[in-house]
Amino acid sequence: MKSFDVVVIGGGPGGYVSAIRCAQLGFSTACLEGRLSEEGQPVLGGTCLNTGCIPSKALLDSSHHYAFIKHEAARHGINVGGVTMDIHKMMDRKNKVVQKLTQGISGLFIKNKVEWLPGHGKLLGNNQIRVTPVGQEVAPEYMISAKHIIIATGSVPTKLPPAPVDQDKIVDSTGALAFTDVPRRLGIIGAGVIGLELGSVWSRMGSEVIILEAMDDFLTSLDRQIATEAEKVLRKQGLDIRFGSKVTGTGLSSREVTITLEDREGKQQLAVDKLIVAVGRSPNTQGLGAETAGLALSERGFIKVDERCMTNLPNVYAIGDVARGPMLAHKAAEEGVAVAERLAGKAGHINLDTVPWVIYTWPEIAWVGKTELELKAAGHPYKAGVFPFAASGRAHAAGDVAGMVKMLSDSDTDRILGIHILGPNASELIAEAVLALEFDGSSEDIARTIHAHPTLSEAMHEAALAVDNRTLHL
Ligand code: FAD
Ligand code: NAD
């Protein structure tokens with residue numbers, strides 16, 4: 001039986017990053033990954049690279065360019081006639097981006113001497129794994145052993161019984177990233193991160209998008225001021241978000257999906273060409289052998305871990321979407337690094353309080369730390385500073401003036417507690433906010449930091465000045 005210092009189960013951003021770091025630290029390391037590409041080839045990168053972050057951002061970028069040329073370019077004095085869309089080429093480009101990046105990980109494995117074992121892993125206790133190989137030439141099952149096991153098996157779309165996914169008319173996010181035609185009328189169940197991002201993609205491409213949200217509000221972990229503003233902007237772009245809509249059933253015909261739902265007005269029916277189900281993701285422990293190995297799971301199916309990502313089994317760790325905390329690629333990767341470094345006797349750590357969130361609509365939404373509601377609920381005295389992009393020179397030059405930066409800091413110490421952005425390139429701007437929180441910075445620190453002119457980052461500077469009621473450009 002082959003044995004390793006570390007075996008990582010799962011080759012997504014949690015698993016592959018952890019495997020690389022383990023190998024860099026001198027451990028003999030293998031990474032098991034059971035995923036096959038559309039062509040039936042073993043592939044690394046997990047949900048993020050294959051069916052998540054990367055393909056969705058490729059389509060968000062393509063559709064953004066298309067919408068810009070159609071609706072915005074003329075405002076810049078650029079007249080473009082005869083704009084057409086080649087959806088096959090757009091999808092082909094997205095697939096090539098995915099292929100390039102997933103192949104890149106295989107290259108990184110070779111460079112760092114991580115052994116990639118294409119196969120599905122099943123735990124047999126705390127140091128043995130049974131591997132069922134995947135790929136074209138399927139070989140017999142075999143056993144491997146490890147001193148340490150890191151589980152990074154990720155998550156899968158949550159099922160909604162009234163809307164069973166067939167990946168044709170009723171799809172999950174994976175199906176929605178591979179449409180070959182632009183649906184005329186697109187229904188989406190769930191106004192969460194996926195609903196808004198994929199709703200934006202297809203709305204920009206010309207679909208009429210109706211988003212059915214069960215709750216009376218959306219994006220409940222966002223600061224309310226930002227969420228209210230985001231709702232206005234997204235509605236203006238054409239996303240028809242219907243709160244309090246509970247889907248009770250669906251019916252399929254050769255041409256459409258009929259959705260039965262209940263809202264404030266009672267029972268309704270709605271016909272769409274395609275329906276995306278985006279009601280959250282669930283931890284993936286299918287086939288992992290958790291029960292037989294005695295691995296403890298929470299009520300919601302997450303692998304139970306402590307603050308060091310240690311499970312109840314000695315020498316077995318769990319990271320990323322399958323463990324508690326935000327289901328984000330960068331959280332998974334940082335946990336992977338932290339576990340590797342602790343195994344090597346270093347001080348690896350992850351601060352779940354400073355994990356940034358980004359929603360890649362346009363304008364983008366990004367935040368880190370506490371919201372105003374959370375601070376109020378905790379009775380934490382705070383000061384708030386807000387600066388709108390409508391007062392930013394760079395935002396005007398770019399023609400992107402929607403949104404704001406909002407900064408919250410402690411009333412007594414001025415330590416920054418949260419930063420919330422709705423605006424152009426918020427995904428990049430949030431990095432300064434994360435660094436400030438990680439360094440226990442104050443709004444005064446940012447107020448005294450020189451920001452280049454003219455940049456969008458000046459809005460961060462002005463929001464910091466606003467905390468002390470001394471904005472210069474408002
Ligand atoms: P995963 O990436 O899910 O990888 C787990 C891997 O383990 C899978 O490939 C699976 O095949 C493999 N596996 C499972 N069980 C076994 C087993 N027993 N043996 C062998 N292999 C196994 N996050 C962001 O931070 N930014 C974004 O922009 C973003 N966009 C997203 C867009 C979409 C449409 C979706 C669906 C998700 C998005 N996410 C985004 C979330 C992000 O994809 C996940 O948080 C991230 O992939 C989690 O990483 P992971 O390593 O924990 O798991
Ligand atoms: P989500 O939790 O963000 O949103 C799900 C939404 O569906 C919620 O608003 C919820 O109230 C609603 N909902 C639940 N049940 C419903 C029902 N029966 N009918 C109508 N609405 C219902 O989940 P998601 O959008 O599926 O995304 C899953 C996760 O993937 C995210 O939470 C995030 O962790 C990750 N993700 C991240 C990014 C990013 O970082 N940009 C992008 C996509 C996905």
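All ligand and atom numbering here is 1-based and tracks the order in the structure. Everything numeric in this text was worked out from a predicted model, so none of it was measured.
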Check: For Asp172, what residues pass the salt bridge (charged side-chain N to carboxylate O under 4.0 Å, His left out) criterion, not counting sequence neighbours?
Finding: none
For a quick test of your reading: what N or O donor-acceptor pairs under 3.5 Å do the side chains of residues 323-330 make, sequence neighbours left out?
from   : atom 1 : to     : atom 2 : distance (Å)
Arg324 : NH1    : Glu335 : OE2    : 2.6
Arg324 : NH2    : Asp306 : O      : 3.4
His330 : NE2    : Pro356 : O      : 2.8

Notebook entry, point to check: What residue and atom, counting heavy atoms only, is the protein's closest point to atom 11 (O) of ligand 1, and at what distance?
Noted result: Glu33 OE2, 2.6 Å
Next item on the list: Check each atom of ligand 1 against the heavy atoms of Ile194 and keep those under 4.0 Å away; list them by number with element.
Entry: 36 (C)
Margin query: Heavy atom to atom 35 (C) of ligand 2, shortest distance: which of His330, Arg242, Met327 holds it?
Written below: Met327
Next item on the list: Look only at interatomic distance and state if Met215 has a nitrogen or oxygen under 3.5 Å from any nitrogen or oxygen of ligand 2.
Entry: no
Margin query: One residue to check: Glu197. Relative to ligand 2, which of side chain, backbone, both or neither has a non-hydrogen atom less than 4.0 Å away?
Written below: side chain
Check: Hey, is Phe218 touching ligand 2 through its side chain, its backbone, both or neither, going by heavy atoms under 4.0 Å?
Finding: neither
Item checked: Candidate with minimal heavy-atom separation from atom 19 (N) of ligand 2, of Leu328, Thr47, Ile189 -> Ile189
Note to self: Checking contacts here: is it the side chain or the backbone of Leu160 that comes within 4.0 Å of ligand 2, counting heavy atoms only? Could be both or neither.
What the structure shows: side chain
Check: At what distance is the nearest protein heavy atom to atom 30 (O) of ligand 2, and which residue and atom is it?
Finding: Arg281 CD, 3.6 Å
Check: In this structure, are over 12 heavy atoms from other groups packed under 6.0 Å from Lys147 atom NZ?
Finding: no
Next item on the list: Consider only side-chain N and O atoms of Glu141 and Thr132, and report whether a donor and an acceptor are under 3.5 Å apart.
Entry: yes
Margin query: What protein heavy atom lies closest to atom 7 (O) of ligand 1? Include the residue and the distance to one decimal.
Written below: Gly10 CA, 3.3 Å
Notebook entry, point to check: Regarding Thr248 and Glu262, is there a side-chain donor-to-acceptor distance under 3.5 Å anywhere?
Noted result: no
Note to self: Within ligand 1, which atoms have a heavy atom of His330 less than 4.0 Å away?
What the structure shows: 25 (O)
Next item on the list: Answer yes or no: are there more than 12 heavy-atom neighbours, outside Glu38 itself, under 6.0 Å from its atom CD?
Entry: no
